[in-house]
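Numbers here simply count residues along the sequence, with the first being 1. Every number for a ligand or one of its atoms is a count from 1 in the order of the listing.
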Amino acid sequence: MDFIPLLKVNLTDDDIAKVVNVLQSGMLVQGKEVLALEKKISNYLGVKHTIAASNGTATLHLALLALGIKPGDEVILPALSYIATANVLEIVGAKPVFVDIDLATFNIDVAQIEDKITSKTKAILPVHEFGLMSDMSAILKIAKHHQLHVIEDAACALGANFSNKNSGSFGDIGSFSLHPRKAITSGEGGFLTTNDDELAERLRILRNHGAGTINGKPEFVEAGLNYRLTDFQAALVNNQMDRLEDSLEVKSKLANHYFKKLNGHPKLLLPSTPENYRHSWQTYHVVFKDETINRDDVILALKDKGIGTNYGAQCLPFQYFYQKKYGLDCKKIFPNALQAYQAGLALPMYDTLKLEEVDYVVECLIEILDR
Ligand SMILES: *Cc1c(COP(=O)(O)O)cnc(C)c1O
């Protein structure tokens, strides 16, 4: 059997031809391909505005700038995510206020949010980890009660929904990534979603050097950045959007197959999908319950068998910079996020993965765990 990687990008000849067309046109920067992509995504998600950007970290940064998050403000986020979610807060001078996760969903434990709200809290930044949406009903209720902004970090959750309402359409702003590790990809890339006309305008201005208009006349209306997506990157994503539903269907079948084969194993905690949620299965992530299992050894043993796996996400306050700056006792305050980080394993998941390959991955994993 060939090596089974953690993920495989699935591009067609036509995807590539679309990029070549743009390259041959000579019109490389943000233009009609980006506009077409933004329109397609807005239609798919059922949102008023989509604003493409250069990556899923730039989108988070833009969201914080557009909402006026400034030095001294506090923002509540889960202790488990990709490092970018916390880094952008540090970059604008805001303080990340971490909340532990629920191990059943790997998302922020909403029951612990209100305790962390202070007079400095400006926003809640839930992450839809591994492709499962956070409990947005609870989060929006808390946010409304305390007059906080909500930014959804939906980098992993394109196509995920709750009660048929899509990720990125709940908060003030949704932030997505188009990195190859995500549902669809432009290499580097990302986009923001919002239903608020003024926020959309502000995001577009901030994305493009602060270029706007005053009384209909072009002016640099504030200090912005260059966080634009190129037109050839947008062209690469165009067809992938059309195939997204099929891709999600395949991943859902693969996840069910993993579940069927691994269910009941005494050493494994499997991911769960609460009722009314659609998981986008960006990652199929299991956690070792048995503390004697060394996750990194399992990764190496699987690699020897021709299988690519990795840890799933970081316990943010446990990372070097955050330990140095805040010194939080993660074992005590964020036990679940720490366990998911140290004992979590992301298994191969991509839309060209075969059921027989899942069988092989499971067979090898169980053999290693039972050694
Ligand atoms: C991937 C990811 C990001 C960053 O996206 P990039 O496009 O790689 O910058 C941010 N947040 C989460 C939760 C992610 O998974």
Side-chain angles (χ1 to χ4, degrees), residues 6-7 9 34 37 41 50-65 69 75-92 94 96 98-99 101 105-108 123-134 136 139 150-160 167-168 170-171 173-193 203 207 225-230 233-234 236-237 240 251 271 279-285 310-319 322 337 340-341 344 346 349-350:
L6 179 61
L7 81 146
V9 171
V34 167
L37 178 64
I41 293 170
T50 297
I51 300 99
S54 42
N55 59 66
T57 306
T59 52
L60 288 170
H61 190 193
L62 287 173
L64 297 176
L65 294 174
I69 308 291
V75 175
I76 292 174
L77 74 165
L80 187 81
S81 182
Y82 182 61
I83 195 74
T85 317
N87 283 349
V88 288
L89 295 171
E90 293 290 337
I91 292 296
V92 300
F98 302 104
V99 171
I101 56 153
T105 61
F106 302 113
N107 284 327
I108 191 164
I124 308 176
L125 174 45
V127 177
H128 304 323
E129 196 56 66
F130 305 137
L132 178 69
M133 284 192 61
S134 305
M136 291 308 294
I139 290 166
V150 176
I151 304 164
E152 295 172 65
D153 187 345
C156 302
L158 178 60
S167 68
F170 286 79
I173 300 179
S175 171
F176 292 82
S177 167
L178 294 168
H179 183 273
R181 187 79 177 78
K182 316 297 159 94
I184 57 172
T185 185
S186 54
E188 302 287 357
F191 59 89
L192 294 143
T193 52
L203 289 165
R207 168 182 68 175
L225 295 150
N226 177 0
Y227 276 171
R228 297 178 309 235
L229 187 71
T230 66
Q233 287 173 306
L236 188 65
V237 182
Q240 291 180 65
K251 287 184 186 171
H279 205 306
S280 68
W281 297 111
Q282 181 259 350
T283 294
Y284 191 89
H285 183 261
N310 206 343
Y311 71 90
Q314 288 127 9
C315 177
L316 305 176
F318 193 70
Q319 304 308 308
Y322 294 92
Y341 171 57
M349 176 56 86
Y350 46 89

Margin query: side-chain contact (heavy atoms from CB on, under 4.5 Å) for Ile139 and Glu152? Distances and angles first, verdict last.
Written below: CA-CA 10 Å; Ile139 290 166; Glu152 295 172 65; over 6 Å; no
Next item on the list: Assess whether side-chain contact (heavy atoms from CB on, under 4.5 Å) is satisfied between Arg207 and Ile51, documenting all intermediate values.
Entry: CA-CA 9 Å; Arg207 168 182 68 175; Ile51 300 99; 3.5 Å; yes
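Taking every heavy atom of Val127 and a limit of under 4.0 angstrom, the matching atoms of ligand 1 come to 13 (C). The ligand atoms of ligand 1 that sit less than 4.0 angstrom from a heavy atom of Cys156 are 15 (O). Within ligand 1, counting atoms from 1 as listed, the ones closer than 4.0 Å to a heavy atom of Ser81 are 13 (C).
The distance criterion of under 3.5 Å between nitrogen or oxygen atoms is met by Gly56 with respect to ligand 1. Here's the thing with Asp153: one of its N/O atoms is less than 3.5 angstrom from an N/O atom of ligand 1. Geometrically, ligand 1 and Glu129 share no nitrogen or oxygen pair separated by less than 3.5 Å.
Of the heavy atoms in Thr57, both backbone and side-chain atoms come closer than 4.0 Å to ligand 1. Only the side chain of Lys182 comes within 4.0 Å of ligand 1, counting heavy atoms alone; its backbone N, CA, C and O stay farther away. Residue contacts with ligand 1, taken as heavy atom pairs separated by less than 4.0 Å, involve Thr85 solely via side-chain atoms from C-beta onward.
Under the 4.5 Å side-chain criterion, counting only non-hydrogen atoms from C-beta, Thr50 is not in contact with Phe176. Residues Met136 and His128 meet the side-chain proximity criterion, which asks for heavy atoms closer than 4.5 Å.
A donor-acceptor distance shorter than 3.5 angstrom exists from the side chain of Gln240 to the backbone of Thr185, with no hydrogens or angles considered. For Asn55 (side chain) and Gly190 (main-chain N/O), no donor-acceptor pair under 3.5 Å exists by modelled atom type. Asp153 contributes no side-chain N or O that, together with a main-chain N or O of Leu60, makes up a donor-acceptor pair within less than 3.5 Å.
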